[in-house]
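Throughout, a chain's letter reflects where its sequence line sits, starting with A, and its residues are numbered from 1.
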Amino acid sequence: MAAVRGSRSGAVKSAAGKTSGKSPAPVIPQLTWEQIRPAAVVLVSGTESFLADRAIRQLRDLLKLEDPSLEVTDIDAASYAPGELLTMASPSLFGEPRMIRVTSVEKCTDNFILEAIDYLAYPADDTYVVLRHGGGVRGKRLLDAVRAATGDVIEVVCTELKKDTERYDFAVAEFRAAGRRVSPGAVRALVSAFSDDLAELSSACNQLVADTSDEITEATVERYYAGRVETNAFAVADSAIAGRYGESLALLRHALATGADPVPMVAAFAMKLRTMAKVLGTRGGSGQLAGQLGLAPWQIDRARRDLQGWTGEGLGRSIQMLAETDENIKGGGRDPVYSLERMIATISARGEL
Amino acid sequence: MSVWDELTGQSEAIDVFRAAASGAAAPVDHTATHASTGSGAMTHSWLITGPPGSGRSNLAYAFAAALLCRNGGCGVCADCRQVAARTHPDLAVLSTDRVIISIEEVRTLVSSSQYSPSVSRYRVMVIEDADRMAERTSNVLLKALEEPPERTVWILCAPSEADLLPTVRSRVRSVRLRVPSATDVAGLLERRDGVEPQTAVRAAREAQSHIGMAHRLATNVDARQRRASTLSVALGIRSVPDAIMGAARLLELAKADAEAITEERDAEERESTLRSLGVEPGQAVPAALRSQVKTLEEDQKRRATRSLRDGIDRILVDLLSLYRDALLIQLGAGLELINVAIQGELDALAERTEPAETLAVMDAIAIARRRISHNVTPALSLEAMLITLTHSTNRKATP
């Protein structure tokens with residue numbers, strides 16, 4: 001019994017090894033998200049889930065257009081039951097096309113890897129399997145097998161759009177897809193207002209397309225999204241340390257209103273003031289000091305610029321204020337926002353209050 | 001009667017328990033009244049209170065050994081050795097690494113207290129951290145404490161009586177421990193661990209009579225060095241940059257101290273978990289078992305956080321002793337100093353600052369301890385505290 005089981009699993013392994021080992025050279029086409037097209041197996045990889053969802057939706061719409069009787073099924077690879085893929089992919093009575101969307105392949109079970117690799121060798125007719133892999137090393141064996149496959153297999157890569165130029169291109173494509181003219185200045189304004197989340201940028205574009213009828217200009221963007229500032233704890237800290245009381249209070253309110261938490265806010269202040277205190281009273285090139293202080297040279301130069309107008313005592317008082325604020329926002333005081341404002345008042349007066 | 005030997009400076013409390021144990025050893029006579037024999041010294045529920053490091057749980061186990069041992073606590077027989085290893089069949093122990101004792105744990109303990117003893121004359125139930133029970137949990141105990149079966153004895157340990165509910169307090173006989181004197185602790189270190197008299201006295205004094213801490217300082221060179229560098233960091237602070245660097249250094253020291261304690265224990269625990277899961281050493285952990293190993297690692301990490309916090313607290317207590325000494329010198333109180341080893345530097349510090357400033361620093365240390373217990377970032381609390389030190393030096397420098 002044990003011998004039989006052992007030999008069977010050995011056979012599966014060697015078969016899997018053969019598919020990946022026999023054809024290492026051919027690489028499947030790698031496309032961007034808007035180039036997605038029907039294929040027997042579509043691997044959608046990358047961390048940007050917004051783009052991945054979109055690509056998969058686009059593929060579904062495409063297939064639905066070709067044949068309205070399309071049958072769509074979802075499989076969660078993380079809780080995969082053996083045999084599921086084969087059951088879903090097997091031909092049905094009326095032979096309608098099937099689309100099988102497999103989510104969270106990055107958390108898949110070992111069974112899924114084995115069965116998916118087997119499926120690659122013999123894909124079913126009129127069946128489109130979409131594998132969504134959200135990044136990570138789990139399931140690497142499956143990914144390698146897919147990328148080395150010989151059949152009708154494509155990979156759609158959805159990496160994060162990190163650079164502003166990439167987001168700019170994305171927004172331009174959005175407007176072009178809607179068939180609308182847009183001025184470059186308007187796109188720039190939009191991209192800088194929505195720098196954090198691609199989904200937000202996309203929905204802002206859609207809003208503008210839906211609400212306006214003529215060319216979208218900077219004025220239009222200004223009318224819809226004026227005063228929207230993406231800010232973070234470090235921007236608030238920079239402005240307070242530079243002594244701009246009013247501006248830093250406004251930024252604080254912006255940051256809190258867009259979901260910043262008071263605790264990391266204090267941590268950001270602490271990090272900046274700590275660096276300044278370390279650099280205070282040092283002489284010599286930043287390159288030399290970097291090793292001694294455990295800071296990067298640019299941090300030292302930055303802290304030196306920040307230190308203008310500050311005294312050691314003021315810095316000391318500000319750091320003590322930070323400790324007090326940290327205690328207050330962690331349950332020592334009643335109103336965290338008041339504590340933060342008081343802290344900003346002290347710091348923007350450079351501790352001389 | 002050697003189970004009592006390792007207990008230090010608690011002669012009154014030991015006498016109480018010795019009398020109780022010998023009273024309990026007398027054959028039980030149902031017709032006798034309490035006053036007629038020594039059995040009046042024995043009762044079924046005890047509470048041992050005393051400051052940390054005074055040996056509450058050690059005393060509890062010594063008493064347990066005296067009750068369970070055939071010879072009344074000889075310290076060498078199988079019973080005494082089993083109590084020392086916490087494996088005696090008639091001894092139930094409840095202690096915790098976590099913040100509270102859960103109600104389920106207490107319920108199990110209460111139901112097991114109803115069995116009669118299997119090999120000894122008594123069944124002994126010890127709760128080491130009775131102060132870590134929530135009100136609801138304490139209530140589960142009430143019935144069991146008030147009327148345990150004839151042969152069951154409860155021993156609770158807590159820092160003070162006020163940590164327990166009045167309803168619990170009224171059901172137990174309370175025995176208070178005091179802070180042992182430094183000489184007593186030093187004597188114990190010499191006797192038990194064979195430490196040189198000079199080192200023993202110094203360690204006992206620097207640990208402020210905390211027995212466990214004194215043992216560590218006396219036997220571990222690294223721990224001694226870490227303590228010495230803690231004090232020198234504080235003494236060397238003159239300006240705000242010094243304070244920031246000093247705080248980073250103190251954190252490093254606390255981390256090293258905490259790691260030294262937990263590292264060995266973590267590795268041991270991991271090994272025993274893997275063994276009980278059936279994983280060979282060096283073999284990869286199978287996917288199905290990974291979650292268990294991960295839980296263990298998370299627990300250890302949580303413990304490390306607490307341990308780091310304890311380490312910082314130890315450092316702050318050391319600093320407090322430094323400024324206490326400075327204040328004693330400034331006020332000419334003529335009491336014994338804790339940090340005799342650095343008397344020269346202490347004199348200089350006392351000369352340099354005013355008593356009011358020393359008090360302000362001690363306040364700042366107290367605030368830092370409170371902040372750290374309230375979850376404020378340790379670095380920030382330490383920085384704020386050390387900056388207070390610069391105030392006093394600056395004011396003196398520019399009058």
Winner by heavy-atom pair count (cut-off under 4.5 Å) against chain A, out of B:L386, B:L380, B:N375: B:L380
What are the residues of residues 247-257 of chain B, in order of number, with any heavy atom under 4.5 angstrom from a heavy atom of chain A? none
Rounded to the nearest 0.5 angstrom, the CD1-CE distance for A:I319 and B:M385 is 13.5 Å
Please check if atom CG in A:L86 has more than 12 non-hydrogen atoms from other residues, nucleotides or ligands closer than 6.0 Å. no
If every non-hydrogen atom of B:V376 is compared with every non-hydrogen atom of A:K330, which pair is closest and at what distance? CA-NZ, 3.9 Å
Take atom CZ in B:R224; do more than 12 heavy atoms of anything else shown fall under 6.0 Å from it? yes
In a table with atom names and distances, give each donor-acceptor pair under 3.5 Å that connects a side chain of residues 278-298 of chain A to protein atoms at least two apart or in another chain.
from: A:T282; atom 1: OG1; to: A:V279; atom 2: O; distance (Å): 2.5
from: A:T282; atom 1: OG1; to: A:R304; atom 2: NH2; distance (Å): 3.4
from: A:S286; atom 1: OG; to: A:D301; atom 2: OD1; distance (Å): 3.3

CE of B:M362: more than 12 outside heavy atoms within 6.0 angstrom? yes
Can you name the nearest heavy-atom pair linking B:A384 to A:Q320, along with the distance? O-NE2, 3.0 Å
To the nearest 0.5 Å, how far apart are CD1 in B:I244 and CG in A:L315? 7.0 Å
Counting only heavy atoms not in B:E297, do more than 12 fall under 6.0 Å of its CD? yes
